[in-house]
Amino acid sequence: MDLQGFSVDQRVAAGLHMVEKPDKKKKEIWFKSNGKYLFLSSITEEKLHSQPLYMFQHWLEETVINLPPYEKLVEIIEVEGSECSNESFNND
């Protein structure tokens, strides 16, 4: 995947949170804004172990590349986001 010239809005980057879910054997990416969380993507440990570096990098790139602009993310999170306590996210 050629990411030359690709950049991420710093407001989007600041809102991204990776959460490990050992009980479910997966990692998740969430977007947080204004005290709400929005689930974006997950990957299983099994998939990560098949090609650790490649799969992890590919998963992150695909998740971030496919995000809408910051303003749209904020609109979506206001309607669909969950208010969650930090206990719900063990790496928040």
side-chain contact (heavy atoms from CB on, under 4.5 Å) between L60 and M18, worked out: CA-CA 10 Å; L60 290 174; M18 184 178 312; 3.8 Å; yes
Test log, rule side-chain contact (heavy atoms from CB on, under 4.5 Å), inputs I77 and N34: CA-CA 9 Å; I77 206 167; N34 299 324; 5.5 Å; no
Candidate pair W59 and K27, rule side-chain contact (heavy atoms from CB on, under 4.5 Å), full reasoning: CA-CA 10 Å; W59 171 57; K27 296 181 186 304; 3.8 Å; yes
Candidate pair K36 and S82, rule side-chain contact (heavy atoms from CB on, under 4.5 Å), full reasoning: CA-CA 5 Å; K36 290 187 173 183; S82 303; over 6 Å; no
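With a 4.5 Å cut-off on side-chain heavy atoms, E62 and N66 count as touching.
None of L40, V19, V64 except one satisfies the side chain to side chain contact (heavy atoms under 4.5 Å, CB included) rule with I29; the exception is L40.
With rounding to the nearest 0.5 angstrom, the NE2 atom of H58 is 9.0 Å from the CD1 atom of I65. If you take NZ on K32 and NE2 on H17, they are separated by 5.5 Å, rounding to the nearest 0.5 Å.
With sequence neighbours left out, K26 forms a side chain to side chain donor-acceptor pair (under 3.5 Å) with E28. With sequence neighbours excluded, no residue forms a side chain to side chain donor-acceptor pair (under 3.5 Å) with S33. Residues satisfying the side chain to side chain donor-acceptor pair (under 3.5 Å) criterion with Q10, sequence neighbours excluded, are absent altogether.
With respect to E45 and K25, no salt bridge is recorded, no charged nitrogen being found less than 4.0 Å from a carboxylate O.
Residues F39 and W30 share a closest heavy-atom pair of N-CE3, 3.2 Å.
At a threshold of 4.5 Å between side-chain heavy atoms, the hydrophobic network of Ile, Leu, Val, Met, Phe, Trp and Tyr places Y54 and I43 in one connected group.
Checking side-chain atoms of D9 against main-chain N and O of R11 turns up a donor-acceptor pair under 3.5 Å.
The 12-atom threshold is not exceeded at CD of E46, counting heavy atoms of other residues, nucleotides or ligands nearer than 6.0 Å.
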